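The structure displayed is predicted, hence computed values, not measured ones.
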Amino acid sequence: MKIPSVKGTRDFYPPQMAVRNFIVDGWKAASIRNGFVEYDGPIFEYLQMYQIKSGDEIVEQLFNFEDRGGRLLAIRPEITPTLARMVNQQINALPRPIRWFSVPRLCRAERPQKGRLREFFQWNIDIIGVEDVLADAEVVYCSLDYLRSLGLSSKDVKAKISSRRLLAVILMNIGIAKDKLETLYPILDKKSKIPDETFVEMLQKEINSAQIIQTIVKLMDIHSVDNIPSMVDLNDDAQAALNELSQVFAYLEKMGVGDYCRFDMGIVRGLAYYTGMVFEVHDAVGQLRAICGGGRYDSLLSDFGGPKVTATGMGMGDCVLEILLRQKGLLTDESLKVQTLDYFIACTGAEFVDDAVALMARIRAAGLSCNYSYKTAALGKQMKQADSMNAAKCIIVGQELTQSNQLVVKDMKSGEQELVDADTFLR
RNA sequence: GUGGGAGUAGCUCAGUCGGUUAGAGCACUAGAUUGUGGAUCUAGGGGUCGGGGGUUCGAAUCCCCUCUUCCACCCCA
């Protein structure tokens with residue numbers, strides 16, 4: 001009986017594993033050079049943890065089960081609640097600021113589609129305990145630093161940045177009632193996916209004033225915070241929020257990634273818990289879903305029973321990223337090389353197997369990678385194997401050993417070979 | 001959860017007005033090549049045509065159900 005793989009999961013055969021490692025290794029390297037340290041938690045938690053942050057509707061979107069002790073558990077669909085729990089548990093002992101990263105394997109019981117599977121990896125970085133918007137800028141920078149290191153330029157990807165706080169005060173400044181905000185957010189968030197007429201129609205259902213709608217439409221089209229004051233009369237609250245976001249852009253400019261970044265009021269993000277800057281990185285064409293997203297969430301720790309501590313962070317999944325990298329041809333042969341070897345040992349007859357095995361052990365003990373063929377048949381076959389394993393060098397153990405105690409060492413790239421004394425080799 | 005496209009060898013696919021023993025390229029294995037790799041040539045293995053049911057003398061082909069996958073919605077932490 002053949003059992004298929006489960007819907008929305010992937011098997012990582014060596015070539016796919018090479019891609020995954022390429023992505024994950026890059027994430028870790030970027031985290032470390034940006035001054036983050038790694039953490040991880042369990043892959044399942046109490047179901048309740050996810051209900052706290054996302055409500056009861058979330059239950060049907062994650063994999064949950066009851067253990068033999070009657071505990072209601074869920075496989076983690078995100079790691080932020082775990083982070084909040086872990087930080088809260090040791091909040092007084094942890095030196096601040098907390099700059100942590102993780103690359104958790106996550107599961108969500110959603111219908112799979114392009115760029116979204118039921119099991120995936122997600123890079124998370126978070127800075128906890130820094131109120132300055134410099135931390136927000138750093139989170140954006142870190143994401144872009146990674147993408148840039150892969151060879152993605154500002155023509156390939158764009159960081160669209162906004163601010164929940166600014167959005168709220170601007171909308172109220174132009175005459176939107178506070179209790180209308182929550183119904184408007186999803187509409188603004190959809191703007192980039194729908195025709196302009198549809199956008200206006202949706203606004204008309206919520207807003208009576210044609211002038212206010214007109215102002216919103218205009219605001220949605222601007223891509224620099226500098227243009228906002230000329231379009232809206234700002235009160236002190238709004239001016240403060242604007243200054244804050246301007247500072248984020250100023251920092252990003254200083255960090256050298258200003259050309260990747262632009263203001264976009266259409267970035268709202270689904271989660272209600274964002275309190276300040278929010279951002280998403282998209283492919284420049286806008287054909288894929290977001291590559292990454294994040295923002296400031298100042299009440300998350302307190303939602304999980306901890307103190308009110310400010311935080312900002314970002315998550316980036318591997319699915320969309322891989323699609324983009326393939327589209328841009330950035331998964332090179334070098335990055336996808338499944339195996340490389342320092343040495344491959346070929347021997348020309350069964351009488352040399354003992355010598356070859358001893359040599360193999362000596363090379364491996366020296367910390368170098370080495371492989372050999374289980375068959376001593378045709379030398380050509382063994383050379384072929386050496387080639388397919390990407391061996392840098394091939395050692396031929398044969399008559400030279402009995403005649404003059406020498407090994408043939410062949411450089412597979414140049415094709416040149418030399419005779420080396422067997423006793424002094426690697427010693 | 002809703003709607004649409006697709007499923008034939010490990011991969012990419014051809015093959016349907018229903019008809020003999022289901023094909024190609026790539027990949028894999030072996031040989032040409034028993035002391036020299038990437039190339040070439042030759043041969044071979046590998047398929048219950050996604051699964052189940054139905055129509056029929058006869059189904060990869062037509063019908064129904066189901067599973068998987070892709071795409072668009074819902075949602076997106």
Side-chain angles (χ1 to χ4, degrees), chain A residues 1-11 13 15-16 45 49-55 57-62 74 76-84 104 106-118 120 122 124 126 186 189-190 193-194 268-274 278 280 287-290 292-295 297 300 303 313-317 319-320 323 341 344-352 373 375-403 407-417:
Chain A
M1 169 130 184
K2 259 190 188 171
I3 298 178
S5 57
V6 176
K7 180 202 277 269
T9 64
R10 290 170 288 179
D11 293 326
Y13 288 85
Q16 285 80 28
E45 295 270 7
M49 264 210 351
Y50 305 109
Q51 293 170 297
I52 287 176
K53 191 181 127 187
S54 311
E57 324 81 70
I58 205 71
V59 174
E60 59 192 35
Q61 291 183 58
L62 43 74
R76 62 185 179 189
E78 56 169 331
I79 203 172
T80 313
T82 302
L83 169 71
L106 307 176
C107 293
R108 295 175 185 174
E110 297 172 304
R111 177 167 289 200
Q113 52 187 282
K114 191 174 192 181
R116 190 161 79 178
L117 297 170
R118 289 188 158 188
F120 57 97
Q122 189 185 66
N124 281 254
D126 290 277
D189 201 52
K190 275 206 180 75
K193 292 183 198 163
I194 56 177
V268 181
R269 296 189 57 72
L271 235 58
Y273 71 74
Y274 286 110
V278 285
E280 287 178 358
Q287 301 227 291
L288 303 173
R289 54 181 67 242
C292 73
Y297 48 100
L300 190 69
D303 286 349
M314 179 284 299
M316 180 186 298
C319 301
V320 175
I323 293 168
L341 277 183
F344 184 93
I345 301 176
C347 56
T348 61
E351 69 272 29
F352 297 113
S373 174
K375 297 178 202 159
T376 55
L379 185 57
K381 273 277 145 60
Q382 298 183 64
M383 301 295 288
K384 239 176 210 182
Q385 262 191 298
D387 186 56
S388 70
M389 291 179 188
N390 290 311
K393 291 184 176 172
C394 183
I395 299 175
I396 299 164
V397 182
Q399 58 192 7
E400 294 83 354
L401 193 67
T402 41
Q403 283 167 4
L407 300 168
V408 179
V409 179
K410 174 165 182 163
D411 186 298
M412 295 298 281
K413 202 168 179 186
S414 67
E416 288 166 16
Q417 58 187 49

If you measure from the C1' atom in B:rG25 to the same atom in B:rU8, how many Å do you get, rounded? 15 Å
Considering every strand and a 4.0 Å limit on heavy-atom distances, what is the contact class for A:E400: base, sugar-phosphate, or nothing? base
Touch class at under 4.0 angstrom, heavy-atom based, for A:G293 against every strand present: nothing
Scanning all shown strands, the Watson-Crick or wobble mate of B:rA9 with both distances under 3.5 Å is none
Below 4.0 Å: OP1/OP2 of B:rU34 and any side-chain N or O of A:K375: no
Looking at the base of B:rU68, is there any donor atom on it, or on the side chain of A:K7, that sits under 3.5 Å from an acceptor on the other one? no
My understanding is that a pair needs two contacts under 3.5 Å, Watson-Crick or G-U wobble. By that rule, which nucleotide pairs with B:rG1? B:rC73
With rounding to the closest Å, how many angstrom separate the P atoms on B:rG38 and B:rA30? 14 Å
Using a heavy-atom cut-off of 4.0 Å across all strands, would you classify A:Q385 as base, sugar-phosphate, or nothing? nothing
Of B:rU2, B:rA77, B:rU36, the nucleotide closest to the side chain of A:R111 is B:rU2
Determine the contact category for A:I396: base if any of its heavy atoms lies under 4.0 Å from a base atom, sugar-phosphate if only primed atoms, P, OP1 or OP2 are that close, otherwise nothing. base
Out of B:rG35, B:rC75, B:rG37, which nucleotide sits closest to the side chain of A:V408? B:rG35
When the P atoms of B:rA6 and B:rG15 are considered, how many whole Å apart are they? 14 Å
Need to verify one output field. Residue with the more 5' nearest nucleotide on RNA chain B, A:Q287 or A:T9? A:T9
Using a 4.0 Å heavy-atom cut-off, does A:Q122 contact any base of the nucleic acid, only the sugar-phosphate backbone, or nothing at all? nothing
Of the non-hydrogen atoms in A:T82 and A:E45, which two are nearest, and what is the gap between them? OG1-OE2, 2.8 Å
Close side-chain approach of A:Q61 and A:P77, heavy atoms under 4.5 Å: no
Check the pair A:N124, A:Q122 against side chain to side chain donor-acceptor pair (under 3.5 Å), reporting the backbone distance first and the verdict last. CA-CA 6 Å; A:N124 281 254; A:Q122 189 185 66; 3.1 Å; yes
Taking any heavy-atom pair under 4.0 Å as a contact, classify A:G398: base, sugar-phosphate, or nothing. base
Hunt down the Watson-Crick or G-U wobble partner of B:rU16, both distances under 3.5 Å, from any strand shown, or write none. none
Residue whose nearest RNA chain B nucleotide is more 5′ - A:I58 or A:A391: A:A391
Nearest 0.5 Å please: distance from the OH atom of A:Y273 over to the OG1 atom of A:T80. 5.0 Å
Please state whether the phosphate of B:rG38, meaning OP1 or OP2, lies under 4.0 angstrom from any side-chain nitrogen or oxygen of A:K381. no
If we call it a pair only when both distances are under 3.5 Å in a Watson-Crick or G-U wobble match, what pairs with B:rA39? none
Can you check the A:R289 CZ to B:rA77 P distance for me, whole Å? 10 Å
No-H, no-angle donor-acceptor pair, A:Q382 side chain to B:rU36 base, under 3.5 Å: no
Using atom CZ of A:R10 as one end and atom P of B:rU69 as the other, report the distance to the nearest whole Å. 13 Å
Nearest-angstrom distance, C1' atom, B:rG7 to B:rC75: 28 Å
Mind checking if A:K193 touches a base, just sugar-phosphate, or nothing, with heavy atoms under 4.0 Å? base
What's A:G8 touching, base or sugar-phosphate or nothing? Going by heavy atoms closer than 4.0 Å. sugar-phosphate
Can you tell me how far P of B:rA77 sits from CG of A:D126, to the nearest Å? 14 Å
Under a 4.0 Å threshold between the charged nitrogen and the carboxylate oxygen, would A:E280 count as salt-bridged to A:R269? yes
Between P of B:rA77 and CZ of A:R118, the distance in whole Å: 18 Å
Ionic contact status for A:K410 with A:E416, cut-off 4.0 Å: no
Nearest of B:rA77, B:rC71, B:rU36 to any side-chain atom of A:E78? B:rA77
Could you give the NZ-to-C1' distance, from A:K384 to B:rU34, as a whole number of Å? 15 Å
Let me know the distance between CD1 of A:I194 and C1' of B:rC73, rounded to the nearest Å. 13 Å
Is A:K114 touching bases, backbone alone, or none of the nucleic acid, heavy atoms closer than 4.0 Å? sugar-phosphate
A:D126 and A:Y297: side chain to side chain donor-acceptor pair (under 3.5 Å), yes or no, with the steps? CA-CA 10 Å; A:D126 290 277; A:Y297 48 100; 2.3 Å; yes
From A:R10 atom CZ to A:L117 atom CG, the distance as rounded to the nearest 0.5 Å: 5.0 Å
What interatomic distance, in whole Å, is found between P of B:rA14 and the corresponding atom of B:rA9? 12 Å
Interatomic distance, A:M383 atom CE to A:F344 atom CZ [nearest 0.5 angstrom]: 9.0 Å
To the side chain of A:Q113, which of B:rC76, B:rG38, B:rC74 is closest? B:rC74
Taking any strand in view, what nucleotide pairs with B:rU21 in a Watson-Crick or G-U wobble way, both distances under 3.5 Å? none
Distance between the P atoms of B:rC62 and B:rG19, in whole angstroms? 11 Å
Looking only at atom C1', what distance separates B:rG53 and B:rC11, rounded to whole Å? 31 Å
Across all strands, who's sitting opposite B:rC28 as a Watson-Crick or G-U wobble pair, both distances under 3.5 Å? B:rG44
Please evaluate the base of B:rC76 for a donor-acceptor partner in the side chain of A:R116 within a cut-off of under 3.5 Å? yes
Find the distance A:L288:CG to B:rC71:P and express it as a whole number of Å. 10 Å
Considering just the side-chain nitrogens and oxygens of A:R269, establish if one lies under 4.0 Å of OP1 or OP2 belonging to B:rA77. yes
Expressed in angstrom and rounded to an integer, what is the separation of A:L117 atom CG from B:rC76 atom C1'? 14 Å
With rounding to the closest Å, how many angstrom separate the P atoms on B:rG37 and B:rG31? 14 Å
Nearest of B:rA77, B:rG35, B:rC71 to any side-chain atom of A:Q399? B:rG35
How would you label the contact of A:E60 with the nucleic acid (heavy atoms, under 4.0 Å): base, sugar-phosphate, or nothing? nothing
